[in-house]
S.K.: 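This is the structure, below, for whatever I ask next.
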Number of protein chains: 2
Amino acid sequence: MRKPKKERQRALTESINDNPFVTDDELSTKFDVSVQTIRLDRMELGIPELRERIKHVAVKTFEDEVKSLPIDEVIGEIIDIELDERAISIFDVKPEHVFQRNQIARGHHLFAQANSLAVAVMNDELALTVKSELQFLRPVTAGQRVVAKAQVVDRNPEKNRAYVKVVSSVDLATVFIGTFEMYRMTEQSEGDEK
Amino acid sequence: MRKPKKERQRALTESINDNPFVTDDELSTKFDVSVQTIRLDRMELGIPELRERIKHVAVKTFEDEVKSLPIDEVIGEIIDIELDERAISIFDVKPEHVFQRNQIARGHHLFAQANSLAVAVMNDELALTVKSELQFLRPVTAGQRVVAKAQVVDRNPEKNRAYVKVVSSVDLATVFIGTFEMYRMTEQSEGDEK
DNA sequence: CCGCTATTAGCACTTGGTACTAATATGAGT
DNA sequence: ACTCATATTAGTACCAAGTGCTAATAGCGG
């Protein structure tokens with residue numbers, strides 16, 4: 001026997017895990033057993049066939065892509081918006097957003113949500129942030145949902161500036177406050193949302 | 001004829017593009033032509049079969065995953081660091097970091113680089129950002145390399161605070177300035193809000 | 001009616017499997 | 001050594017979603 005069954009199955013799981021694209025045939029050569037043995041192993045371990053494995057990976061990507069496209073331009077999901085006035089977005093903090101050590105969300109994600117919202121609330125796709133002041137009041141952890149509310153507090157049409165205040169909260173407790181001085185890039189605004 | 005060939009092929013490309021998981025059979029039903037016609041179309045258009053399409057998507061994800069893991073904890077690459085004193089990181093602005101409309105880098109990426117660097121320069125893995133003031137002085141575009149320099153400017157050990165100033169520049173021109181009030185979590189600080 | 005393109009049909013073959021049955025090995029217990 | 005159980009191997013039929021190839025037919029313009 002080349003390897004005890006248990007050990008082979010462990011190694012098999014590992015192999016497939018770090019290269020899902022490997023066929024039963026390749027595996028049978030690698031472990032020097034028959035293809036059937038590999039298949040029995042996969043069945044016992046509940047590992048699907050190559051095509052299904054690939055499909056899963058692909059579906060995951062595809063969903064991610066679909067999901068990340070809207071996210072691309074706005075971090076968090078906008079649930080309410082009144083152009084030039086106010087907007088609200090929610091952002092679910094996931095494990096990838098936090099420091100591994102303490103599970104606290106990294107500041108730039110809160111900033112990204114708030115800044116995106118500030119850009120979005122401007123009636124101008126080409127708005128840029130000029131200045132900003134931030135306060136991180138309470139740490140946010142994975143699993144929490146951050147609700148950001150943006151309000152346009154002031155405007156200065158001559159200078160093409162607008163001032164936006166964003167307050168983010170988790171369960172009604174404020175966790176973050178940001179003020180943003182925004183610059184409008186379009187020419188003089190004639191009046192209506194396009 | 002249900003549709004001119006050209007139009008069908010255009011629609012076919014589109015269909016496959018926004019759902020790569022569709023089979024020839026499904027497509028033949030959809031366009032009300034035979035499977036063979038669909039296959040001829042794919043050949044003319046150079047569109048690979050379903051399995052190959054799925055594989056491509058999967059391979060892409062797989063590579064992306066491997067690539068994105070190391071980037072996880074620090075945005076930008078730290079090229080020099082003296083703990084509690086100063087640090088330098090570089091960040092290459094790529095197409096995914098900019099607004100599609102005007103190719104200008106989204107503010108949160110510059111913030112993320114600066115904030116990450118501020119966290120890193122603290123001799124404390126668990127540092128948190130408390131307050132921050134930002135100035136976006138000049139727009140940064142895709143293809144440019146942003147060099148961020150962080151400097152610890154002040155400390156307040158009793159309050160577990162430190163103040164970090166980060167200046168980011170492209171080709172020696174300052175594009176961004178941020179000041180960060182950081183909170184150290186280590187030491188024996190008992191008053192930790194969870 | 002000829003010629004041309006477009007479409008459809010049919011068959012053999014390919015990959016990477018599943019499902020199932022049956023034979024053989026191997027080792028442990030008694 | 002004999003027996004039983006588990007492990008392994010072999011072999012067959014079948015499937016999905018194709019490719020590759022040949023051949024037939026449809027539709028239309030001139």
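Naming convention: chains lettered A, B, ... in sequence-line order (proteins, then strands); numbering from 1 in each chain.
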S.K.: Write out all pairs satisfying side chain to side chain donor-acceptor pair (under 3.5 Å) with one or both partners inside residues 34-43 of chain B, taking only residues at least two apart or from two chains.
M.R.: B:Arg8-B:Asp41, B:Gln9-B:Asp41, B:Asp24-B:Arg39, B:Asp24-B:Arg42, B:Ser34-B:Thr37
S.K.: Between B:Glu44 (CD) and D:dT19 (P), how many Å, whole number?
M.R.: 14 Å
S.K.: Distance check needed: D:dA7 P versus A:Leu45 CG, whole Å only.
M.R.: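 Roughly 12 Å, once rounded to whole Å.
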S.K.: Tell me, please, which residues at least two apart from A:Ala148 pass side chain to side chain contact (heavy atoms under 4.5 Å, CB included).
M.R.: A:Ser89, A:Gln113, A:Leu117, A:Val166, A:Ser168
S.K.: Between B:Phe21 (CZ) and D:dG18 (C1'), how many Å, whole number?
M.R.: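 Rounded to the whole Å, the gap is 17 Å.
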S.K.: Quick one: does B:Asn19's side chain have a donor or acceptor within less than 3.5 Å of a partner on B:Phe21's backbone?
M.R.: yes
S.K.: Taking only side-chain nitrogens and oxygens of B:Ser34, does any of them come within less than 4.0 Å of OP1 or OP2 of C:dT7?
M.R.: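 No, because none of the side-chain N or O atoms of B:Ser34 sits under 4.0 Å from OP1 or OP2 of C:dT7.
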S.K.: Can you give me the bend angle of the helix from C:dC1-D:dG30 to C:dT30-D:dA1? Use the axis through the first five pairs and the one through the last five, nearest 10 degrees.
M.R.: 10°
S.K.: Can you list every pair that meets ring-ring contact (aromatic ring centres under 6.0 Å, His included) and has a residue in residues 144-179 of chain A, with sequence neighbours left out?
M.R.: A:Phe136-A:Phe176
S.K.: Before accepting this row, confirm whether a basic side-chain N of the pair B:Lys5/B:Glu44 lies closer than 4.0 Å to the acidic partner's carboxylate O.
M.R.: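 So B:Lys5 pairs with B:Glu44 through a salt bridge.
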S.K.: List for me each residue that meets ring pair (Phe, Tyr, Trp, His ring centres under 6.0 Å) alongside A:His109, sequence neighbours excluded, and say none if there are none.
M.R.: A:His97
S.K.: Which whole-number value in Å describes the distance from B:Glu52 CD to C:dT14 C1'?
M.R.: 12 Å
S.K.: What string of B, S and - do you get for nucleotides 17-22 of chain C 5' to 3' if you count protein non-hydrogen atoms under 4.0 Å?
M.R.: BB----
S.K.: So does B:Glu26 pair up with B:Lys30, basic N to acidic O under 4.0 Å?
M.R.: no
S.K.: Please step through side chain to side chain contact (heavy atoms under 4.5 Å, CB included) for the pair B:Ile88 and B:Ile78, ending with a clear verdict.
M.R.: CA-CA 6 Å; B:Ile88 298 177; B:Ile78 294 183; over 6 Å; no
S.K.: Measure the distance from CG on A:Leu27 to P on C:dG16 and round it to the nearest whole Å.
M.R.: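 Answer to the nearest Å: 12 Å.
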S.K.: Could you give the NZ-to-P distance, from B:Lys5 to D:dC28, as a whole number of Å?
M.R.: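 B:Lys5 atom NZ is separated from D:dC28 atom P by 16 Å.
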S.K.: Round to a whole Å and report the spacing from CD of A:Glu7 to P of D:dA7.
M.R.: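 Taking atom P of D:dA7 as the reference, CD of A:Glu7 is at 16 Å.
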S.K.: Quickly work out the B:His56 NE2 to D:dG18 C1' distance and round it to whole Å.
M.R.: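 Going from NE2 in B:His56 over to C1' in D:dG18 covers 16 Å.
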S.K.: Assess whether a salt bridge exists between A:Arg53 and A:Glu49, defined as any Lys/Arg side-chain N lying under 4.0 Å from an Asp/Glu carboxylate O.
M.R.: no
